[in-house]
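Notes follow the structure.
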There are 4 protein chains.
Amino acid sequence: MLTLSCPDRVGVIAEVAGLLAGHGGWILEASHHSDAESGRFFMRQEVKADSLPFDADGLRQAFEPVAARFEMDWQVTDTGVPKKMVVLVSKQEHCLYDLLARWHSAELEVDLAAVISNHDVLRGVVEWHGAPYHQLPVDPDNKAQHFDEIGALLGKIQPDCVVLARYMQVLPEWLCREYAGRIINIHHSFLPSFAGARPYHQAYERGVKLIGATCHYVTADLDAGPIIEQDVVRIDHSDSPEDYVRYGKDVERTVLARGVRLHLEDRVLRNGNRTVVFD
Amino acid sequence: MLTLSCPDRVGVIAEVAGLLAGHGGWILEASHHSDAESGRFFMRQEVKADSLPFDADGLRQAFEPVAARFEMDWQVTDTGVPKKMVVLVSKQEHCLYDLLARWHSAELEVDLAAVISNHDVLRGVVEWHGAPYHQLPVDPDNKAQHFDEIGALLGKIQPDCVVLARYMQVLPEWLCREYAGRIINIHHSFLPSFAGARPYHQAYERGVKLIGATCHYVTADLDAGPIIEQDVVRIDHSDSPEDYVRYGKDVERTVLARGVRLHLEDRVLRNGNRTVVFD
Amino acid sequence: MLTLSCPDRVGVIAEVAGLLAGHGGWILEASHHSDAESGRFFMRQEVKADSLPFDADGLRQAFEPVAARFEMDWQVTDTGVPKKMVVLVSKQEHCLYDLLARWHSAELEVDLAAVISNHDVLRGVVEWHGAPYHQLPVDPDNKAQHFDEIGALLGKIQPDCVVLARYMQVLPEWLCREYAGRIINIHHSFLPSFAGARPYHQAYERGVKLIGATCHYVTADLDAGPIIEQDVVRIDHSDSPEDYVRYGKDVERTVLARGVRLHLEDRVLRNGNRTVVFD
Amino acid sequence: MLTLSCPDRVGVIAEVAGLLAGHGGWILEASHHSDAESGRFFMRQEVKADSLPFDADGLRQAFEPVAARFEMDWQVTDTGVPKKMVVLVSKQEHCLYDLLARWHSAELEVDLAAVISNHDVLRGVVEWHGAPYHQLPVDPDNKAQHFDEIGALLGKIQPDCVVLARYMQVLPEWLCREYAGRIINIHHSFLPSFAGARPYHQAYERGVKLIGATCHYVTADLDAGPIIEQDVVRIDHSDSPEDYVRYGKDVERTVLARGVRLHLEDRVLRNGNRTVVFD
């Protein structure tokens, strides 16, 4: 899998496709996007692994000169190696449950390296599924320690993806930066509406007719990172804030699962604070 | 048609339904809502006109004592008398066109009393359809006069519904107040996101994955009145702000038409800054 | 909770509401529907239990004469008593998992009396959640025995709701009849399109642009019973039948859960082969 | 604009992109699809016209050898030349109105060469918009003459797109064949459900919870041609078949307009009875 972005100019596709074809590379899926505003070009090429005469490292070496010439931000990943995922939760179970179910049924082919929580209530279901559970309590007077412990654990695991599955703590800036582009959050509103706390209650107060959920990359700016996926569901005047919460859970689950999958399949490329999603 | 709201208590439905049944009233459609938060009760009763031994005025008289006893906000309208509608536009034609088409095909059974615009470009299509067109230009240095003229015209017409069909001027507070609950706007975003100017460009900058439109009652608070109807459409990274505008038009048209119909059929009851919509 | 249907005529609402009000009944939610085609009237009244001077049986007794006079099909249920649910599955886990999660988190307040399967693979997750699991194998040459065993088990449990959560066997007519209006199936297509086997592959062959799922009551007529709920999801040319299956699972889960909830809350009334859904 | 399909093999993208880049071609939008089932490869390349040293004919000549080598079905169109469109209608106006509005506002940049109808009722609105209107009456006992006249008119115009905008006649096989891949119909159901007559009434009888519309290419097989676009809208038990018709019109309009645009921009490639839609 090859993904890249670079300043747009004549010949980028020809050059990349030519290099792959020259080595017999069978392209399974090719996606491109020229961003008129930023003048950048984005590409994702999924190549049948055994059609090339070398492995991921070989491809990296072969590609290096082209990448340099076109000033590319690029990466090659081996789709044969499952990505490493860590899930952070608090007490709410619906998003975690959903991810566990998709992992358990092999719908989500990922190495679930750890579930981390500041509580112990979800240990049972996680361990029953065979994933490691780490309880790292938060001391409200010294949150720094909690995040140091998380940082240490992540440092050991080196995850490709850290999912905040309704984890209720705000990550410190240093963590956001260290894992920039790898931390995915699900926010229970259709952002940018109702950022912050109790979004369903905010939505109820405002009287909107649809509520939603947003899956986005986490940045130091709360609820303001690049959006990967969103969806909404219709509610009406007969629904209470509690009903919103219930309907919303279904949207949260689905939107988070889609976002995680898109990220794991290298289908999300950042374009400033926006995303290019080759789905 | 009877619509009402009152403090919730035992026996409201029994009392109203009993009164109607006592006079032989055949209920075509009955809708109720108890709002737990505000403690108010909302009701809409559509009665077959010729099943009652009196007309709308007679029903008003018969109902008066009940209404007083239960401290009701209420109104009786005669569904046989078409409502009066005025449409305000600027230069953009898509919402006006859509309303004209629905009116022309009798989908929207309303008395289209006037189309008012600060420009002349839409006169042709309006007059071809047989509706009166009034051009009332805006002097940027003296907008007050424009609104006085609108006020005078509305005063003569006494409309049940004033539709801002992409009318680009902000109405003065006195007009909003005078026609409170009767002025309907279409805003080209999924409010409360992207209130104010150029919402599609704001949406593009933020990188949302769905864009929308909101039909709401106009209050003195810009883009913050009670919402009647909303909807969204999916966009992706390949769409430019111009594409957003194009997709958005389809949503605007549909959402506005739905909102106008709901209002004309007395299906929208205000509950503070929220609405109860009996659709 | 009172639900009923009867021939439509003047005074039904007044009579029922009057009776409830006469005993001090506080109506939490009242829904009505007059079906113009069949001439039948449908009603659902949710009454605050402790506002009445009697229990469900008392209400039944008090209501009997009214019901007789208006030739009503009616039932009174005590919302304080959880309904009994049985789930039938085969090997596919996504719908079962979802129901277990909702039950486990108390989103679905029901007495999960049994999970029955012809296989053993899902025993672990069911028993971990604390629900009884019954494996009743199917002998392809003698399916009758399997269904006799199911019938015997259901006879003991007397469930209010039997959910076919991707249970792959066709129920015999006698079972469909015995539990008419209580057996709910999830079919993985937007019925009536693609009834029968392998609907996602049928959808792929036909080249539709949306796929869906349908939750319906089971009748002796395969995939043709009254529909409770449906939904769809957009697919495109880049999706394979396997992708359809994956997207479809999300729709199946959500549609089934909505349908089961609507049924358990007595919100679904049958109108011939159609349903009135008071949601 | 270059669109093509061919048997999938290594090097197609490289070859095409290489040829374009060799002549300085600036690719505005590039889309590809490998169909695993049929083993065919599909491509659409939108090239900035003035970046090439030749016109559409020059590109055709330059491309010929590559096309032959890879056994391509291909076409080059000049996006600077508006396509020719003919619209066939009967008496229903909503789809025609919508297309006229989009054409009039230049949202749809097309040469509207003719509107043909078997009735005269829509002449006014068409001629007001400045498009030629042809009434060609149908003699129920001799429909052949009607279609001969249509055939003659189309023969003179040579349209790129013939839109059946709720035209109620079934086209003869010879016309379908002569304009294969150029005739677009809007059917007022979510096909394959409810093909044929009165689909909204069929939908009502079946009790579905969503109704829809389908835009598809016309083939000799009624309502069974390749689907371009579909969408649905939610209805409930309170809606009559007449309400279905009204809601449905909104979906028909939008789905037809999307389908026509996709076709006019050469975004729809046929893959057997399925379509590849590069939107």
Side-chain angles (χ1 to χ4, degrees), chain C residues 31-38 42 189-195 201-217 224-243 255 258-259 262 267-279, chain D residues 31-38 42 189-195 201-217 224-243 255 258-259 262 267-279:
Chain C
S31 311
H32 312 100
H33 173 58
S34 297
D35 191 61
E37 208 193 30
S38 66
F42 299 82
S189 85
F190 183 65
L191 289 173
S193 289
F194 314 131
H201 290 79
Q202 291 184 55
Y204 182 83
E205 289 306 319
R206 180 59 189 93
V208 292
K209 299 300 184 189
L210 301 162
I211 55 168
T214 303
C215 177
H216 64 95
Y217 286 117
I227 294 169
I228 303 171
E229 171 65 339
Q230 301 186 290
D231 214 342
V232 293
V233 67
R234 193 164 279 272
I235 44 86
D236 70 24
H237 63 264
S238 71
D239 296 309
S240 65
E242 289 68 40
D243 292 322
V255 167
R258 278 193 227 143
L262 290 167
R267 295 180 180 279
V268 191
L269 281 72
R270 287 192 55 169
N271 181 15
N273 203 44
R274 316 176 72 239
T275 58
V276 171
V277 179
F278 292 128
D279 60 350
Chain D
S31 310
H32 312 99
H33 172 59
S34 297
D35 191 60
E37 207 193 31
S38 67
F42 299 83
S189 84
F190 183 67
L191 289 172
S193 289
F194 315 131
H201 290 78
Q202 292 183 55
Y204 181 83
E205 288 307 318
R206 181 58 189 94
V208 292
K209 299 300 184 189
L210 301 161
I211 55 169
T214 303
C215 177
H216 64 95
Y217 287 118
I227 295 170
I228 303 171
E229 171 66 336
Q230 302 186 289
D231 214 341
V232 292
V233 67
R234 192 163 282 270
I235 44 87
D236 70 25
H237 62 265
S238 71
D239 297 310
S240 65
E242 289 69 40
D243 292 323
V255 167
R258 277 192 228 144
L262 291 167
R267 294 181 180 280
V268 190
L269 282 73
R270 286 191 56 169
N271 181 16
N273 203 46
R274 315 177 72 237
T275 58
V276 171
V277 179
F278 291 127
D279 60 352

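In what follows, every chain begins at residue 1, and chains take the letters A, B, ... in the order their sequences are listed.
A 4.5 Å side-chain heavy-atom check between D/Val277 and C/Asp236 finds every atom pair outside the cut-off. Looking at heavy atoms from C-beta onward, D/Arg234 lies in side-chain contact with C/Asp231 at the 4.5 angstrom threshold.
Between D/Lys209 atom NZ and C/Ile228 atom CD1 the span is 9.0 Å, to the nearest 0.5 Å.
Within the 4.5 angstrom heavy-atom criterion, atoms from both the backbone and the side chain of C/Phe190 approach chain D. When heavy atoms are compared at a cutoff of 4.5 Å, D/Gln202 does not approach chain C at all. Contacts of D/Thr275 with chain C are made by both backbone and side-chain atoms, with heavy-atom separations under 4.5 Å.
When each of C/Ser193, C/Gly207, C/Pro241, C/Ala36 is checked for heavy-atom pairs under 4.5 Å with chain D, C/Ser193 comes out on top. Among D/Glu229, D/Arg274, D/Glu205, the residue with the largest count of heavy-atom pairs under 4.5 Å with chain C is D/Arg274. Most heavy-atom pairs under 4.5 Å with chain C: of the set D/Ser240, D/Pro192, D/Ser238, this distinction falls to D/Pro192.
The minimum heavy-atom distance between C/Leu191 and D/Val208, with the atom names listed, is O-CG1, 3.6 Å. Pairing each heavy atom of D/Glu37 with each of C/Tyr204, the nearest pair is OE1-CE2, 3.4 Å.
Counting only distance, with no hydrogens or angles, the side chain of D/His237 and the backbone of C/His33 share no donor-acceptor pair below 3.5 Å.
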